[in-house]
Amino acid sequence: MSKMIDEVKRTHSCGELTAADVGKEVVLFGWVHSRRDHGKAVFIDLRDRMGVTQVVFEPGFDAAAHELAGSLRLEYVIGVRGVVDSRGGNINPKMKTGEIEVHATGLEIFNRSEALPFVIEDEVNAEETTRLAYRYLDLRRPAMQRMLMTRSKINQLTREYFAQNGFLELETPFLVKYTPGGARNFLVPSRSGSGKFYALAESPQLFKQLFMVAGFDRYFQIVRCFRDEDLRLDRQPEFTQIDVEMSFVTQDDIFTAMEGLVARLWKELLGVDIPLPIPRMEFDESMRRFGNDKPDLRFGLEHVDFTEVVRAHSGGGVPLFESILAQGGIFKAIRLPKAHTLSRKEFDELEKDAKGMGSAGLGRAKIGEDGSWSQTPFAKTISDALREAINAATGAEPGDTLIFQMGRAAMVHAVLANIRLTLGKKFDMIPAYGTRDGDWRFLWVVNPPLFEFDEENKTWVAAHHAFTRPHDGDVAHLQSDPGRVKCHRYDLVLNGFEIGGGSIRLHDPEVQKKVFEALGIGEDEARQKFGFLLDALKFGAPPHGGIALGMDRVAMLLTGAQSLRDVVAFPKTLRGTDLMTGAPGEVTAKQLEDLHVAPITKNETPAAS
RNA sequence: GGGGUGGUAGUUAAGUCGGUUAUAACGUCGGCCUGUCACGCCGAAGGGCGCGGGUUCGAGUCCCGUCCACCCCGCCA
């Protein structure tokens with residue numbers, strides 16, 4: 001039983017005492033962050049989530065407390081009673097509370113701590129594996145505490161902002177019906193449904209549209225979503241979205257609403273004024289200049305497409321060029337200015353990365369004083385005319401290096417987009433956050449195609465989902481030329497991260513029908529998959545649209561975290577496991593039986609379906 | 001599914017061309033110290049190198065397999 005907690009209340013946090021408090025009697029609770037035992041004087045840095053305060057134990061202040069202080073070790077949880085005093089000539093300017101210290105007149109050890117697997121300090125000195133296994137200790141680190149406190153603040157500000165703007169915070173179910181397409185769902189067996197399954201919602205998409213049909217014309221929710229896909233630095237299987245839907249709005253209305261939120265967050269949390277409105281870029285332009293739809297605008301090294309140049313010269317005598325032209329491939333280059341050079345080894349590493357992304361090989365040409373090419377196998381075969389034309393198209397000057405990629409468009413874009421980022425980092429073109437103006441390069445990427453061609457199945461598939469509204473002028477092409485149909489879809493991009501995305505939804509049943517036809521989805525199939533939404537759209541659905549912000553990514557960027565895992569309290573590893581709890585875990589045969597799920601033994605081949 | 005990086009005391013890292021008894025720092029334990037704040041000083045314990053094979057007189061170092069973590073592509077909004 002703890003005497004101190006019963007007898008006295010905590011008077012202050014460990015981060016708030018200043019010179020103005022000198023002379024006060026205080027009670028602090030917290031963890032022993034560090035200790036410096038000088039025998040007759042014991043210094044303890046006491047830590048709680050608000051900060052650190054130095055506590056001094058001396059026999060003259062209290063003999064019993066001083067005696068007990070000698071037994072303190074790192075991470076003991078203690079209560080201290082004492083008097084605030086000035087440090088006089090021993091001020092520590094590095095500490096927020098460095099002007100004062102607490103002269104202890106009482107000490108109680110609430111709980112001892114075993115030796116820790118790693119030291120609790122801001123600089124990460126333990127491998128992530130260890131940190132995740134002892135996440136509750138990792139979260140004691142002041143840096144991690146700041147991350148989660150920022151996250152909390154984001155939630156508060158978001159709720160405040162939407163409430164002030166007339167939005168309703170409404171909830172949608174997590175346990176939903178499985179619908180094919182889109183992200184893979186986690187499945188949850190239904191005990192009472194005999195062999196049937198729920199799916200964990202990958203997003204509240206359909207339900208929030210139903211809120212619009214129901215007349216709740218401004219909705220938001222800070223909501224967990226679940227996707228059973230492979231993970232990344234910025235992707236967790238469960239993640240939090242700031243989900244928004246609005247009726248009777250245009251794309252501009254949605255942009256304005258979200259820009260207001262983002263500006264508020266950056267202002268309140270970082271003191272940064274985001275210039276509004278956020279600039280916009282056509283999807284096609286983003287692909288052309290950066291090879292993806294989430295460009296990092298903080299540096300150059302833009303792509304140059306010189307396919308037409310090669311075509312105009314009929315391949316310029318290079319057999320490889322000719323065959324790629326014949327196969328309908330594209331040619332792109334990045335011009336690396338002469339200030340930056342790549343060693344043979346560095347280029348080989350780039351090429352290795354490229355090959356990992358499906359490239360057959362990475363081209364390179366070093367530009368000579370006379371515009372000639374060296375360090376490239378094309379030097380001998382390429383015609384002077386084509387070489388000069390490529391130099392002109394890319395703006396290549398003597399000393400520059402051209403890095404080429406050619407072939408199937410998707411591959412070329414993916415490879416060069418990645419190489420651009422690799423080079424940007426390698427040559428320090430990406431500023432650290434807060435080091436110069438314009439660190440925060442927000443961008444709306446707009447008007448992407450409605451469909452993508454699925455090379456594997458040779459069919460058109462919805463680039464996002466089948467309920468995105470096509471541009472009115474393109475509706476006529478839905479059947480004849482699906483590839484050219486653009487839609488009212490938009491992504492919010494920040495420094496190379498997609499932090500949000502949404503669309504104006506289809507609310508016209510006629511157009512909806514045509515979209516399904518273009519996708520090869522028959523009426524029965526559409527009914528089966530989305531029946532309830534299609535029904536709802538028939539009963540007076542208002543024009544509506546919305547967006548979802550990736551809250552974890554926003555938190556990651558706002559805090560400068562190196563990984564999404566650092567802003568998630570209890571994250572999963574890249575393979576989706578929890579190193580602390582051991583999830584996912586095995587269940588018993590009895591549990592499976594209750595759920596009507598047949599166990600599959602290791603040597604048994606699953607029955608052919 | 002594919003490409004890549006890594007795994008050595010509790011932690012972080014070093015370990016050359018295979019060669020006596022595998023290093024260091026921090027942490028831990030014991031002792032000393034009244035002004036430290038990366039406290040200092042003296043002393044001690046602690047690992048057999050992710051796991052399993054193989055090559056060799058000899059493997060942390062080489063080879064094969066495997067597990068785990070991380071990064072990227074596919075996938076995913």
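This one's a predicted model, so the numbers in the text were calculated from it and none came from an experiment. We name chains A, B, ... by the order of the sequence lines, and we start the count at 1 in each one.
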What is the base-pairing partner of [N], counting Watson-Crick and G-U wobble geometry with both distances under 3.5 Å?
| N | answer |
| --- | --- |
| B:rC70 | B:rG4 |
| B:rA38 | none |
| B:rA44 | B:rU28 |
| B:rC51 | B:rG65 |
| B:rC75 | none |

Exercise. Would you say the base of B:rA38 and the side-chain of A:R36 have a donor-acceptor pair closer than 3.5 Å?
Worked result: no

For this session: Check if the side chain of A:R87 and the base of B:rC37 share a donor-acceptor pair of N or O atoms closer than 3.5 Å.
Result: yes

Integer angstrom distance from the [atom1] of [N] to that of [M]:
| N | M | atom1 | result |
| --- | --- | --- | --- |
| B:rU23 | B:rC70 | P | 33 Å |
| B:rG4 | B:rA9 | C1' | 29 Å |
| B:rC17 | B:rG3 | C1' | 31 Å |
| B:rC75 | B:rU28 | C1' | 47 Å |
| B:rC33 | B:rG43 | C1' | 15 Å |
| B:rC39 | B:rC32 | C1' | 14 Å |
| B:rC57 | B:rG52 | C1' | 23 Å |
| B:rU21 | B:rC62 | C1' | 24 Å |

Seminar exercise, completed: Sorted by position of nearest nucleotide on RNA chain B, 5' first, the leading residue of A:T130 and A:I91 is A:T130

So what does [X] hit on the nucleic acid, given a heavy-atom distance under 4.0 Å: a base, only sugar-phosphate, or nothing?
| X | answer |
| --- | --- |
| A:Q241 | sugar-phosphate |
| A:D37 | base |
| A:N185 | nothing |

One thing to verify: whether [Y] and [X] come together as a salt bridge, which I'm taking to mean a side-chain N less than 4.0 angstrom from a carboxylate O.
| X | Y | value |
| --- | --- | --- |
| A:E351 | A:R364 | no |
| A:E16 | A:K96 | no |
| A:K208 | A:D243 | yes |
| A:R184 | A:E202 | no |

Problem set entry | Candidates B:rC76, B:rU34, B:rU11 - which lies nearest the side chain of A:A41 | B:rU34

Problem set entry | Candidates B:rU28, B:rA77, B:rU36 - which lies nearest the side chain of A:Q54 | B:rU36

Once you round it to whole Å, what is the distance between [atom2] of [N] and [atom1] of [X]?
| X | N | atom1 | atom2 | result |
| --- | --- | --- | --- | --- |
| A:D552 | B:rC76 | CG | P | 20 Å |
| A:E58 | B:rG35 | CD | C1' | 8 Å |
| A:L116 | B:rA9 | CG | P | 18 Å |
| A:M258 | B:rA77 | CE | C1' | 14 Å |
| A:F118 | B:rU28 | CZ | C1' | 16 Å |
| A:Y134 | B:rG27 | OH | P | 19 Å |
| A:I120 | B:rC26 | CD1 | C1' | 14 Å |
| A:H465 | B:rC76 | NE2 | P | 14 Å |

Problem set entry | Summary of side chain to side chain donor-acceptor pair (under 3.5 Å) pairs that have at least one residue in residues 405-415 of chain A, sequence neighbours excluded | A:K332-A:H413, A:S359-A:Q405

Problem set entry | Listed partners of A:F186 passing ring pair (Phe, Tyr, Trp, His ring centres under 6.0 Å), at least two apart | none

For this session: Output all residues satisfying ring pair (Phe, Tyr, Trp, His ring centres under 6.0 Å) with A:F197, sequence neighbours left out; order by chain, then residue number.
Result: none

Exercise. Is there aromatic stacking of A:H38 against B:rU36, centre distance under 5.5 Å, plane angle under 30°?
Worked result: no

Problem set entry | Shortest non-hydrogen separation from A:L342 to A:F427 and the atoms involved | CD2-CZ, 4.0 Å

Exercise. Where do A:L506 and A:A466 come nearest, in terms of heavy atoms and distance?
Worked result: CD1-O, 3.9 Å

Exercise. Can you give one letter per nucleotide of nucleotides 66-75 of chain B, going 5' to 3': B for a protein heavy atom under 4.0 Å from the base, S for sugar-phosphate only, - for none?
Worked result: --SSSBSBBB

Exercise. Is B:rG48 in the syn range, within 90° of 0, or in the anti range?
Worked result: syn

Problem set entry | RNA chain B contacts made by residues 93-102 of chain A, counting heavy atoms under 4.0 Å | A:K94, A:M95, A:E101

For this session: Using the six-membered ring wherever Trp is involved, compare the ring planes of A:F255 and A:W444 and label them parallel, tilted or perpendicular (cut-offs 30° and 60°).
Result: parallel

Exercise. Between A:Y134 and A:Y136, how do the two ring planes meet: parallel, tilted or perpendicular, split at 30° and 60°?
Worked result: perpendicular

For this session: Tell me, please, which residues at least two apart from A:D284 pass side-chain contact (heavy atoms from CB on, under 4.5 Å).
Result: A:K486

